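Note: hydrogens, waters and symmetry copies are ignored here, and every other heavy atom, side chains too, is used. Everything numeric here is computed off the predicted structure, so don't read it as measured data.
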Amino acid sequence: MKCAVSARVAGATLLAAATTVTALVAGAGTSVAAPADAAATYNRECGTGYAQVNQIPIPGRGTVFLAYNSATGKNCVVTKRNSSTGSRLWVGSWIQRDKDLKSKQEQYGFYTSYAGPVYLDAKGKCVDWGGEIDGYVVARYKTNCGTLA
């Protein structure tokens, strides 16, 4: 019985050593890193006249962007994934006037790139806004309070 255990331990040690050598040889002379997802950027998804005024990162997944159109007084929210490749995920965007649930505008669904844009007329008012990607939810409350009116 002791011989079998000893043989297994020796075999495992030999396998570990061989794996280490193979890894060292395969990586010799080059350093290969896994490609990182590029961070999401606002690309005028809200349309002409809207400028990005705020954002909330969703670490490792994407970003929620708040944009404002000073000519119309409308706000816009878009939630963008870091990558538009791969399977569709649950993504959502929402916005409302501060503490005014009746004003809430939202869009949720399975998307490969982004949810939204959702728009809200809130000139001179504070807004609550946020988004979600694959169950990770972020939000900000009582922000952008008329400073751009």
Side-chain angles (χ1 to χ4, degrees), residues 9 11-149:
V9 171
T13 304
L14 183 59
L15 178 61
T19 304
T20 303
V21 169
T22 303
L24 289 173
V25 170
T30 59
S31 175
V32 180
D37 282 339
T41 57
Y42 177 71
N43 287 325
R44 303 191 189 283
E45 287 81 6
C46 294
T48 304
Y50 284 87
Q52 178 190 332
V53 294
N54 212 330
Q55 68 183 41
I56 312 169
I58 302 176
R61 287 170 169 62
T63 304
V64 183
F65 296 98
L66 175 65
Y68 183 74
N69 185 320
S70 58
T72 64
K74 288 189 177 184
N75 292 273
C76 172
V77 174
V78 175
T79 302
K80 291 188 70 176
R81 292 176 56 184
N82 285 343
S83 172
S84 60
T85 60
S87 61
R88 295 170 7 139
L89 296 177
W90 185 255
V91 182
S93 297
W94 65 272
I95 186 170
Q96 69 185 35
R97 285 182 213 95
D98 184 45
K99 299 178 186 173
D100 181 4
L101 291 176
K102 291 181 182 179
S103 70
K104 189 172 189 177
Q105 302 296 311
E106 59 190 340
Q107 181 184 63
Y108 288 87
F110 289 94
Y111 301 104
T112 55
S113 55
Y114 65 91
V118 291
Y119 299 93
L120 179 68
D121 185 3
K123 188 170 188 170
K125 307 283 184 186
C126 298
V127 291
D128 303 338
W129 56 285
E132 172 181 358
I133 299 175
D134 198 28
Y136 291 82
V137 178
V138 295
R140 294 234 170 106
Y141 299 91
K142 199 172 184 175
T143 70
N144 301 82
C145 299
T147 57
L148 302 172

Hey, does the side chain of [X] reach the backbone of [Y] with a donor-acceptor pair shorter than 3.5 angstrom?
| X | Y | answer |
| --- | --- | --- |
| Arg81 | Tyr111 | yes |
| Arg97 | Asp121 | yes |
| Asn69 | Ala71 | yes |

Heavy-atom closest contact ([X] atom, [Y] atom, distance):
| X | Y | answer |
| --- | --- | --- |
| Ala139 | Trp94 | CB-CZ2, 3.7 Å |
| Gln105 | Tyr119 | CG-O, 3.2 Å |
| Thr79 | Glu132 | CG2-O, 3.8 Å |
| Gly86 | Thr112 | O-CG2, 3.9 Å |
| Ala115 | Ser93 | O-OG, 2.8 Å |
| Ile56 | Arg140 | CD1-CG, 3.3 Å |

[atom2] on [Y] to [atom1] on [X], rounded to 0.5 Å:
| X | Y | atom1 | atom2 | result |
| --- | --- | --- | --- | --- |
| Asn54 | Tyr42 | CG | OH | 13.0 Å |
| Asp100 | Leu120 | CG | CG | 8.5 Å |
| Tyr114 | Ile133 | OH | CD1 | 13.5 Å |
| Gln96 | Cys126 | CD | SG | 12.0 Å |
| Thr41 | Gln52 | OG1 | CD | 9.0 Å |
| Asn144 | Asn75 | CG | CG | 7.0 Å |

Would you check if [X] and [Y] make a side-chain contact, meaning some heavy-atom pair closer than 4.5 Å?
| X | Y | result |
| --- | --- | --- |
| Trp129 | Glu106 | no |
| Ile58 | Asp134 | no |
| Asp98 | Lys125 | no |
| Val78 | Cys46 | yes |
| Tyr50 | Arg44 | no |

### Task
Given side-chain contact (heavy atoms from CB on, under 4.5 Å), test Val127 with Thr143 step by step and report yes or no.
CA-CA 5 Å; Val127 291; Thr143 70; 4.1 Å; yes
### Message
Taking atom NZ as the centre, does Lys142 end up with more than 12 heavy-atom neighbours from other residues, nucleotides or ligands that are less than 6.0 angstrom away?
### Response
no
### Task
On the 0 to 90° scale, with breaks at 30° and 60°, tag the Phe110-Trp90 ring pair as parallel, tilted or perpendicular.
perpendicular
